[in-house]
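Okay, structure first, notes after.
In this chain, numbering begins with 1 at the start of the sequence shown. Start at 1 and go down the list; that is how both ligands and their atoms are numbered.
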Amino acid sequence: MSKAVRIHANGGPEVLVYEDVDPGRPGPGEVLVRHTAIGLNFVDTYFRSGLYPPPAGLPLIPGSEAAGVVERTGEGVDWLHKGDRVAYFTALGAYSEERVIAADRLVKIPDGISDEQAAAMMLKGMTAEYLLLRTFKVKPGDIVLYHAAAGGVGLIFGQWAKHLGATVIGTASSPEKIALAKSHGFDHVINYREKDFVAEVKEITGGKRCDVVYDSVGKDTFPGSLDCLRPMGMFVSFGQSSGPIPPFDMSILSQKGALYATRPTLFVYNAKREDLEASAKGLFDVVSSGAVKIIINQRYPLSEAAKAQSDLEGRKTTGTTILIP
Ligand SMILES: NC(=O)c1ccc[n+]([C@@H]2O[C@H](COP(=O)([O-])OP(=O)(O)OC[C@H]3O[C@@H](n4cnc5c(N)ncnc54)[C@H](OP(=O)(O)O)[C@@H]3O)[C@@H](O)[C@H]2O)c1
């Protein structure tokens, strides 16, 4: 037996229960990993609340990214050995001391990157990678808008977008968050609690507006985000921290300038092993070069996952957060 955080019914953070579970033994193609650090992500709250239905029903162990050490390998896994340092992103199961996972979802952690950094960046950093390099290929001179700039994905995104040569505009809800975002790549950060972010974007860009808007806030920033785009610009909706965007008529995209819109997910972009490896390499390279720094601003014991999720949903966290088993 080992400890894990499980939910037996959907609800608020109080449904996260720290209890004994049997992690099981690795079958063919699988590995038993002992976690050393676990990343906290907004998607964990969607599975807890029920916004995302559990793929295999309840109970479930939430948690989508982690780092750890290989304890045991199943049949046919010859490229990993006991003691190897590994990290991953996946849909569920990371809020645990130990877990069994398919070996083909793991990557080895390079020297020079700590377990805590790896746990904090596998999901969030590879999300920044595909958003900036694949969903829309950001190039020098592009103007990009990213909402919730001081968040976990946000601080990674800002540094990487700046490194690519873009003009990076962000939004955040407090002066402290604005200062933090500005020290992590964002050229301009708008307090969207106090100011009309559409008017601010128009002023900052001299009326030109943005080539691409990355929106993970959802309900509260829609349809304003569309008004921040130049004609034929790209609207990337990749989350819903304030709630889902209500259904809308496609003709709004023509009215607002023949816009493109997409709703991407990391799980689709990195479903194939070759894409996962390329994405992880791109992330490890940019972090190892020093161009992107992984900022861990909060640490909680795994047993306090409920407090961690409550703080994330309460907009109290900045940068990345990890749980320590
Ligand atoms: N599609 C994908 O592949 C993918 C992958 C990773 C993450 N995501 C999405 O990206 C977003 C960021 O994830 P994260 O883990 O890095 O979280 P995060 O950005 O650290 O936290 C969410 C932030 O959203 C802002 N926010 C605005 N309205 C909010 C509200 N009503 N309630 C709570 N927060 C609100 C808050 O920043 P302010 O206080 O500054 O407003 C808050 O700090 C999430 O929506 C997540 O689902 C999507």
In terms of residue, atom name and distance, what is the protein heavy atom nearest to [atom]?
{"atom": "atom 19 (O) of ligand 1", "value": "G151 CA, 3.4 Å"}
{"atom": "atom 12 (C) of ligand 1", "value": "S216 OG, 3.9 Å"}
{"atom": "atom 43 (O) of ligand 1", "value": "K177 NZ, 3.6 Å"}
{"atom": "atom 47 (O) of ligand 1", "value": "Y46 OH, 2.8 Å"}
{"atom": "atom 30 (C) of ligand 1", "value": "S241 O, 3.5 Å"}
{"atom": "atom 5 (C) of ligand 1", "value": "T127 OG1, 3.1 Å"}
{"atom": "atom 40 (O) of ligand 1", "value": "S173 N, 3.1 Å"}
{"atom": "atom 33 (C) of ligand 1", "value": "E313 O, 3.3 Å"}

Should the proximity of [X] to ligand 1, defined as any heavy atom under 4.0 Å, be assigned to the side chain, the backbone, both, or neither?
{"X": "R263", "answer": "side chain"}
{"X": "R193", "answer": "neither"}
{"X": "P264", "answer": "backbone"}
{"X": "H147", "answer": "neither"}
{"X": "T171", "answer": "neither"}
{"X": "L266", "answer": "both"}
{"X": "V153", "answer": "both"}

Which of the atoms in ligand 1, numbered in the order shown and given with their element, are less than 4.0 Å from a heavy-atom of [X]?
{"X": "A172", "result": "40 (O)"}
{"X": "L123", "result": "5 (C), 6 (C)"}
{"X": "S242", "result": "28 (N), 30 (C), 31 (N)"}
{"X": "V217", "result": "27 (C), 28 (N)"}
{"X": "Q240", "result": "45 (O)"}
{"X": "L312", "result": "20 (O), 21 (O)"}
{"X": "G239", "result": "45 (O)"}

Backbone of [Y] reached by a side-chain donor or acceptor of [X] within 3.5 Å:
{"X": "D215", "Y": "S237", "result": "no"}
{"X": "E65", "Y": "M122", "result": "yes"}
{"X": "S310", "Y": "P13", "result": "no"}
{"X": "S183", "Y": "L180", "result": "yes"}

Look at the side-chain heavy atoms of Ile, Leu, Val, Met, Phe, Trp and Tyr, link any pair under 4.5 Å apart, and say whether [X] and [Y] land in one connected group.
{"X": "V153", "Y": "Y269", "value": "yes"}
{"X": "L132", "Y": "I169", "value": "no"}
{"X": "L133", "Y": "F267", "value": "yes"}
{"X": "L164", "Y": "V144", "value": "yes"}
{"X": "L40", "Y": "V217", "value": "no"}

Verdict with reasoning, Q309 to Y300, per side chain to side chain donor-acceptor pair (under 3.5 Å): CA-CA 10 Å; Q309 285 202 2; Y300 301 79; over 6 Å; no
Passing option when T36 is tested against I322, D115, I109 for side-chain contact (heavy atoms from CB on, under 4.5 Å): D115
Heteroatom proximity flag, A148 to ligand 1, N/O under 3.5 Å: no
N or O contact, Y130 vs ligand 1, cut-off under 3.5 Å: yes
Can you tell which of [options] gets a heavy atom nearest to [atom]?
{"atom": "atom 9 (C) of ligand 1", "options": "F238, F42, Y269", "value": "F238"}
{"atom": "atom 42 (C) of ligand 1", "options": "K316, R315, K219, M126", "value": "R315"}
{"atom": "atom 20 (O) of ligand 1", "options": "G152, G125, A181", "value": "G152"}

Near-ring test H35/Y88, centroid separation under 6.0 angstrom: yes
Surrounding [atom1] of [X] (heavy atoms of other residues, nucleotides or ligands, distance under 6.0 Å), is the total greater than 12?
{"X": "R263", "atom1": "CZ", "value": "yes"}
{"X": "E203", "atom1": "CD", "value": "no"}
{"X": "D20", "atom1": "CG", "value": "yes"}

Aromatic plane relationship, F197 with H147 - under 30° parallel, 30 to 60° tilted, over 60° perpendicular: perpendicular
Sub-4.0 Å heavy-atom approach of Y192 to ligand 1: yes
